[in-house]
Amino acid sequence: MPELPEVETVRRTLEPKILKRRILDTEVHYPRLLQNCTESELVSYLQSRRFVKLDRRGKYLIAVLDSGSRLVLHLRMTGRLTALPSGLPLEKHTSLQIHMDGDLELRLVDQRKFATLHLLHESGYGAIKGLATMGVEPLDSGFTPEYLKAQLEGRTASVKSVILDQRRIGGLGNIYADESLYRAGIFPGKPGGSLTFDEIQRLHTSIRAVIREGIRFRGTTFRDYVDGDGKSGGFQERLQVYGKEGETCRGCGRPIARIKLAGRSSYYCAYCQV
DNA sequence: CTTGGTTCCTGCGTGC
DNA sequence: TGCACGCAGGAACCAA
């Protein structure tokens, strides 16, 4: 599940490979990937264009073209975006291929087919609701304990569902949310509005630390994720609770538990997180 | 406004 | 061994 650290790692690995190359041809194998244009529109628009920049906002990748228009991609759960030598065998669930000069192929493989692609010609993100309403990111200067407090204040929903809300915090997903709450010693099901300022400060610190470490270790490969070179991440070695139901808590030796919150699995230690 | 349920999709784990 | 079934999950959308 690509979250902020994974998408940032993809961005960093892809950008130097794809910039300045000319697009030779585009093949769309899963047309429903395209949210606001047709297959033929995309193919003809990209013909002979070049990418001049690869940006990220939350979990969105934004590829800026030399025309100024942008391709906006969201990998959702199983999307893999790689830039590898052209002509490698076509994998099952390949949604998109962009053939570029210099023997390079930008490829999207997406087993569950939830990934989305927008082609934006106008400025701004109005056409993409999730981008237009994206909240402050954990590593932005605006992400302060006070900001987090304001997001949690008055919420009866669980703290976990509040921090997963992309309109409040951009880029956090299930894995890093669970790891952050574990490090902060906070039970994920606790109502958001019930956190003390001390707990909010701890959560703020742990979210930033977990996201920074996630990037430093090049993301978490729990199942599908690979970076732009097709390589797995390293943060899965550092996970303390996510996916570890029944395993021993490093803090107290008791078993890690799992509950459902807002429709998602939440892993936590019932003793260390209150 | 908030909150929770449903939907999209495919592969995998479970149980008979 | 084989098959049906439920589940996993990010975010848009809908209903209350």
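Convention: sequence-line order gives letters A, B, ...; per-chain numbering from 1. Only this structure's heavy atoms are used, side chains among them; waters, hydrogens and symmetry mates stay out.
The residue A:Thr78 sits apart from the nucleic acid: no heavy atom pair falls under 4.0 Å. Contacts of A:Tyr242 with the nucleic acid, taken as non-hydrogen atoms under 4.0 Å apart, involve only primed sugar atoms and P, OP1 or OP2. Using a 4.0 Å heavy-atom distance criterion, A:Met1 is classed as a sugar-phosphate-only contact. Here A:Asn174 lies in heavy-atom contact (under 4.0 Å) with sugar-phosphate atoms only.
Note on ring orientation: taking the six-membered ring where Trp is involved, the planes of A:Tyr242 and A:Phe222 are perpendicular (angle over 60°, cut-offs 30° and 60°).
Under 4.0 Å is where a charged nitrogen must lie from a carboxylate oxygen, and between A:Arg218 and A:Asp227 at least one such pair does. Ion pair A:Glu6/A:Lys59 not flagged as a salt bridge, since none of the NZ, NE, NH1 or NH2 atoms sits closer than 4.0 Å to an Asp/Glu carboxylate oxygen. Salt-bridge annotation for A:Asp224 and A:Arg112: absent, with no side-chain N of the basic residue lying under 4.0 Å from a carboxylate O of the acidic one.
Within the structure, side-chain hydrogen bond (donor to acceptor under 3.5 Å, both in side chains) pairs that include any residue of residues 136-152 of chain A comprise A:Arg56-A:Glu137, A:Arg57-A:Glu137, A:Lys149-A:Glu153, A:Gln151-A:Arg168 (at least two apart or interchain).
For the OP1/OP2 pair of C:dG9 and a distance below 4.0 Å, the side-chain nitrogens and oxygens of A:Arg112 include no atom meeting the criterion. Contact check, A:Lys260 against C:dC7: no side-chain N or O comes under 4.0 Å of OP1 or OP2.
If you measure from atom CE of A:Met77 to atom C1' of C:dA8, you get 7 Å, rounded to the nearest angstrom.
Between the side chains of A:Ser86 and A:Asp103, at least one donor N or O sits under 3.5 Å from an acceptor N or O. Judged by distance alone, the side chains of A:Tyr176 and A:Thr220 do bring a donor and an acceptor atom under 3.5 Å apart.
Just one residue in the list A:Lys113, A:Arg80, A:Gln111 forms a side-chain hydrogen bond (donor to acceptor under 3.5 Å, both in side chains) with A:His93, and that residue is A:Lys113.
Comparing the axis of the opening five pairs of the helix from B:dT2-C:dA16 to B:dC16-C:dG2 with that of the closing five pairs yields an angle of 50°, rounded to 10°.
Of the residues in residues 153-173 of chain A, those lying under 4.0 Å from DNA chain C by heavy-atom distance are A:Gln166. If you check residues 222-230 of chain A against DNA chain C, you find no residue with a heavy atom closer than 4.0 Å.
Note that the first and last nucleotides of DNA chain B, 5' to 3', having any atom under 4.0 angstrom from a heavy atom of chain A are B:dT2 to B:dC12.
More than 12 heavy atoms of other residues, nucleotides or ligands sit less than 6.0 Å from atom CZ of A:Phe197.
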Identify all side-chain donor-acceptor contacts of residues 43-51 of chain A below 3.5 Å with residues at least two apart in sequence or on another chain.
residue, atom, partner, partner atom, Å
A:Ser44, OG, A:Ser40, O, 3.0
A:Ser44, OG, A:Glu41, O, 3.3
A:Tyr45, OH, A:Ser67, OG, 2.7
A:Tyr45, OH, A:Ser69, OG, 3.0
A:Gln47, NE2, A:Leu24, O, 3.3
A:Ser48, OG, A:Arg22, NH1, 3.2
A:Arg49, NH1, A:Tyr45, O, 2.7
A:Arg50, NH1, A:Lys20, O, 2.9

